[in-house]
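The structure presented is a predicted model; accordingly, all values stated were derived computationally and were not measured.
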Amino acid sequence: MHGIAPTRAGAEPALRVEGLGVRYGALVALEDVSWEVRAGELLGIIGPNGAGKSSCYEAVTAMVRRSGRVCLHGSDVTQVPPYGLADLGLKRAFQQNAFFDDLSVLDNFVAIMGAHAHARLVACAAAPWRAARRRAAARALAARQLVRFGLPADCHERRPKELSYGMQRMLSIALAYGQGASVLLLDEPAAGLGGADMAALERLLAELKQEGVALVVIEHHMELIMAVADRICVLDLGRLLACGTPAEIQRDPRVREAYLGKTQ
């Protein structure tokens, strides 16, 4: 199946990609891939190593030269640069954690708030009390968001490297989400997690869906993605192999052959 992976009937997609293609010289990393996701829905993207999953994210967020079309809430954003997409509500977390190591957890969040947290130099000089109030409000907001993402107040003044790996993963997602996102792309958020950390991630994904965030999740942890996804797209050798509900994907013999290396 190589057409659009449809959302539920009657729902306008929050994010729609059409005919995405990525080439690295003679290597075709992605070819004619299309899918869409609506608000409050989680679309899983799975496939064997080298299937083109990360290239798909790079293409969606304009991080690589690509062909095809990207639409956000019905508007064509194909030519919008990565930082512009974030301003429009399309955000992503990367596979590897990336923090400002010399800043506290709280200051990491304040840093990604940019102009919302920091007044311009002229404004600081003219009304320092106003700038101080703005910084205090930003820190309060940062603290609330961190708690929401499973990072309690007693860790806010610690450095990211002092956190457990599970909490680092949650911090990575929190920093990607920032003050808000309408579409959030997560690249293997469950990598290295287990037990309580996995359960916390599953709860967070359910909460974000309930709040109306459109989620697109690349994941190798099959138990998690089958539990949280509304629909799943399977990539193989850079092409869209199949799309459907978790139950449909589990029954598809093409998926078993490509992903598990055998048919049953």
Single-linkage hydrophobic cluster [X]~[Y], side-chain heavy atoms < 4.5 angstrom:
X: Met63; Y: Leu72; value: no
X: Leu20; Y: Val28; value: no
X: Met198; Y: Val228; value: yes
X: Val213; Y: Val147; value: no

*Under the criterion side chain to side chain contact (heavy atoms under 4.5 Å, CB included), which of Leu205, Leu42, Ile45, Val216 is the partner of Leu186?*
Leu205

Would you say that [X] contacts [Y] through its side chain, given a criterion of any heavy-atom pair below 4.5 Å between the two side chains?
X: Ser182; Y: Leu90; result: no
X: Arg159; Y: Ser104; result: yes
X: Val234; Y: Leu240; result: no
X: Arg38; Y: Pro13; result: no

Between [atom1] of [X] and [atom2] of [Y], what distance do you get to the nearest 0.5 Å?
X: Glu12; Y: Cys71; atom1: CD; atom2: SG; answer: 10.0 Å
X: Leu43; Y: Ile232; atom1: CG; atom2: CD1; answer: 8.5 Å
X: Leu163; Y: Arg158; atom1: CG; atom2: CZ; answer: 5.5 Å
X: Asp252; Y: Leu241; atom1: CG; atom2: CG; answer: 6.5 Å

Return the set of residues passing side-chain contact (heavy atoms from CB on, under 4.5 Å) with [X] (not counting sequence neighbours), or none when no residue passes.
X: Ala142; result: Leu106, Phe109, Val110, Met113
X: Pro81; result: Tyr83
X: Val80; result: Val77, Leu85, Leu88

How close do [X] and [Y] get, heavy atom to heavy atom, and via which atoms?
X: Glu219; Y: Pro189; answer: OE1-CD, 3.1 Å
X: Gly44; Y: Ile225; answer: CA-CD1, 3.9 Å
X: Leu193; Y: Gly166; answer: CD2-CA, 3.6 Å
X: Met167; Y: Cys155; answer: CE-SG, 3.7 Å
X: Cys56; Y: Val33; answer: SG-CG1, 4.4 Å
X: Ser55; Y: Ala29; answer: OG-CB, 3.7 Å

*ring-ring contact (aromatic ring centres under 6.0 Å, His included) involving Tyr57 - partner list, sequence neighbours excluded*: none

*Pairing residues for Phe99 by the ring-ring contact (aromatic ring centres under 6.0 Å, His included) criterion, not counting sequence neighbours*: none

Please identify each residue that fulfils salt bridge (Lys or Arg N to Asp or Glu O under 4.0 Å) with [X], with sequence neighbours left out.
X: Glu58; answer: Arg92
X: Asp87; answer: none
X: Arg23; answer: none
X: Arg139; answer: Asp107, Glu157

Has [X] got a side-chain atom pairing as donor or acceptor with [Y]'s backbone, closer than 3.5 angstrom?
X: Glu257; Y: Arg254; result: no
X: Lys53; Y: Gly238; result: no
X: Ser172; Y: Asn97; result: no
X: Glu36; Y: Val17; result: no

*If you look only at pairs with a residue in residues 65-77, which of them pass as a salt bridge (Lys or Arg N to Asp or Glu O under 4.0 Å), with sequence neighbours excluded?*
Glu18-Arg69, Arg69-Asp76

*Would you list the pairs meeting salt bridge (Lys or Arg N to Asp or Glu O under 4.0 Å) in which at least one residue belongs to residues 175-190, sequence neighbours left out?*
none

*asked:* Listing request: all ring pair (Phe, Tyr, Trp, His ring centres under 6.0 Å) pairs with a residue in residues 150-192, at least two apart in sequence or in separate chains.
replied: Phe149-Tyr177

_I'd like to know if Asp230 pairs up with Lys209 as an ion pair, taking the criterion as any Lys NZ or Arg NE/NH1/NH2 lying under 4.0 Å from an Asp or Glu carboxylate oxygen._
yes

